[in-house]
Amino acid sequence: MTAKAHRTGTVHADVIPDHTLITILGTGFDTVVQPDFRGHPLCHGVTDLLYLISSSSSMHYTTVTLEAWTGEPAPSDGWDEHDETRLRLTRGRVYVSAMFEGPLSPELDLGGPGDYHVRVHATGRERLLQLERDGDTDPEDMHCGVERFTAQIWPAANG
């Protein structure tokens with residue numbers, strides 16, 4: 001009988017996307033990889049680097065939550081969009097970054113080096129775009145927390 005998956009850790013950060021990109025870095029990160037977003041509206045993973053894609057390039061804070069899981073979590077309700085990717089980690093720890101310039105969140109321990117499955121949920125993306133189009137919205141307002149992401153990360157099955 002397979003044990004039910006449980007969450008082993010969570011970290012949060014508010015981040016300003018850079019040209020719509022938010023980066024999640026593994027602690028072994030050392031090389032920037034050009035993302036390939038074909039077919040992936042929310043995320044793209046490579047070795048020690050996970051890109052999340054904001055709906056807007058305007059100045060705003062996006063709330064990002066990273067969750068470590070022992071296995072595939074049950075589906076989550078209350079999200080507008082979701083996407084999935086894989087991530088290879090050389091050291092097994094990740095954090096939310098300010099475009100490669102340093103951590104915005106504490107490190108999240110995923111349990112060790114290896115391949116991981118990532119499910120990304122997002123909400124508020126359309127609302128953020130509506131606020132940008134609204135003539136009454138002050139352009140200096142950095143809409144904080146309108147757009148939100150949660151990335152659930154668990155070990156990938158071998159093979």
Side-chain angles (χ1 to χ4, degrees), residues 7 9-69 72-90 93-110 115-154 156:
R7 187 173 47 220
T10 303
V11 297
H12 307 277
D14 289 326
V15 59
I16 299 171
D18 184 6
H19 295 84
T20 74
L21 296 179
I22 299 163
T23 54
I24 311 305
L25 299 180
T27 55
F29 170 79
D30 67 358
T31 304
V32 175
V33 175
Q34 195 67 1
D36 176 5
F37 298 122
R38 290 177 293 194
H40 294 279
L42 296 178
C43 61
H44 179 73
V46 293
T47 300
D48 288 321
L49 174 58
L50 171 65
Y51 287 105
L52 303 180
I53 299 98
S54 173
S55 63
S56 172
S57 61
S58 73
M59 192 69 112
H60 69 282
Y61 280 100
T62 295
T63 300
V64 176
T65 300
L66 306 178
E67 297 177 346
W69 288 81
E72 182 175 0
S76 296
D77 293 327
W79 297 95
D80 300 330
E81 300 177 54
H82 71 275
D83 195 6
E84 297 185 5
T85 191
R86 290 190 97 161
L87 176 65
R88 173 164 286 173
L89 296 174
T90 58
R93 298 175 72 84
V94 295
Y95 58 89
V96 180
S97 174
M99 285 311 291
F100 314 111
E101 294 182 15
L104 293 178
S105 73
E107 291 179 8
L108 179 63
D109 186 354
L110 295 164
D115 291 337
Y116 288 85
H117 193 83
V118 182
R119 180 183 300 141
V120 175
H121 297 284
T123 192
R125 292 163 55 80
E126 188 59 38
R127 176 71 180 133
L128 180 62
L129 293 175
Q130 288 171 351
L131 287 169
E132 285 181 3
R133 291 188 297 262
D134 182 353
D136 294 330
T137 301
D138 183 350
E140 296 297 315
D141 183 11
M142 293 179 61
H143 312 291
C144 188
V146 173
E147 181 179 62
R148 294 182 295 120
F149 287 91
T150 292
Q152 299 170 315
I153 309 168
W154 67 93

**Q** For D80 and G124, indicate whether the former's side chain and the latter's backbone hold a donor-acceptor pair under 3.5 Å.
**A** yes
**Q** Roughly how far, to the nearest 0.5 Å, is the CD1 atom of I53 from the OG1 atom of T62?
**A** 12.0 Å
**Q** Drop me the distance from L110's CG to W69's CH2, to the nearest 0.5 angstrom.
**A** 13.0 Å
**Q** Does the pair L66 and V94 meet the rule for a side chain to side chain contact (heavy atoms under 4.5 Å, CB included), with working shown?
**A** CA-CA 9 Å; L66 306 178; V94 295; 4.0 Å; yes
**Q** Shortest non-hydrogen contact from D14 to C144?
**A** OD2-SG, 4.3 Å
**Q** Students often mix this up, so state it plainly: with edges at 30° and 60°, are the rings of W154 and H117 parallel, tilted or perpendicular?
**A** tilted
**Q** Drop me the distance from L42's CG to L52's CG, to the nearest 0.5 angstrom.
**A** 8.0 Å
**Q** Would you call T63 and F149 a side-chain contact if the rule is heavy atoms closer than 4.5 Å?
**A** no
**Q** Out of curiosity, I153 CD1 to L87 CG, how far, rounded to the nearest 0.5 Å?
**A** 6.5 Å
**Q** Does any pair with a residue in residues 58-68 pass salt bridge (Lys or Arg N to Asp or Glu O under 4.0 Å), and if so which ones, sequence neighbours excluded?
**A** R7-E67
**Q** Between T85 and G45 (side chain of the first, backbone of the second, donor and acceptor by atom type, cut-off under 3.5 Å), is there such a pair?
**A** yes
**Q** If we only count heavy atoms from C-beta on, is the Y95 to V11 side-chain gap below 4.5 Å?
**A** no
**Q** Going by salt bridge (Lys or Arg N to Asp or Glu O under 4.0 Å), name the pairs with one or both residues in residues 117-130, residues two or more places apart or in two chains.
**A** E72-R119, E81-R125, E84-R119, R125-E147, E126-R133
**Q** Which atom names give the shortest non-hydrogen contact between G9 and L108, and what distance separates them?
**A** C-CD1, 3.5 Å
**Q** Side chains of H12 and T65: is there a donor and an acceptor less than 3.5 Å apart?
**A** yes
**Q** Is it true that a side-chain atom of S105 and a backbone atom of A13 form a donor plus acceptor pair closer than 3.5 Å?
**A** no
**Q** Give the minimum heavy-atom separation between Y61 and I16, together with the two atoms involved.
**A** CE2-CG1, 3.5 Å
**Q** Side chain to side chain contact (heavy atoms under 4.5 Å, CB included) for H60 and L128? Distances and angles first, verdict last.
**A** CA-CA 9 Å; H60 69 282; L128 180 62; 3.4 Å; yes
**Q** From D48 CG over to I24 CD1, what is the distance, rounded to the nearest 0.5 angstrom?
**A** 12.5 Å
**Q** For a quick test of reading the model, state the closest non-hydrogen atom pair linking V118 to A151 and the distance between them.
**A** CG1-CB, 4.2 Å
**Q** Can you tell if the side chain of T23 reaches within under 4.5 Å of the side chain of F29, non-hydrogen atoms only?
**A** no
**Q** Starting at SG of C43, measure out to CZ of R86 and round the result to the nearest 0.5 Å.
**A** 13.0 Å
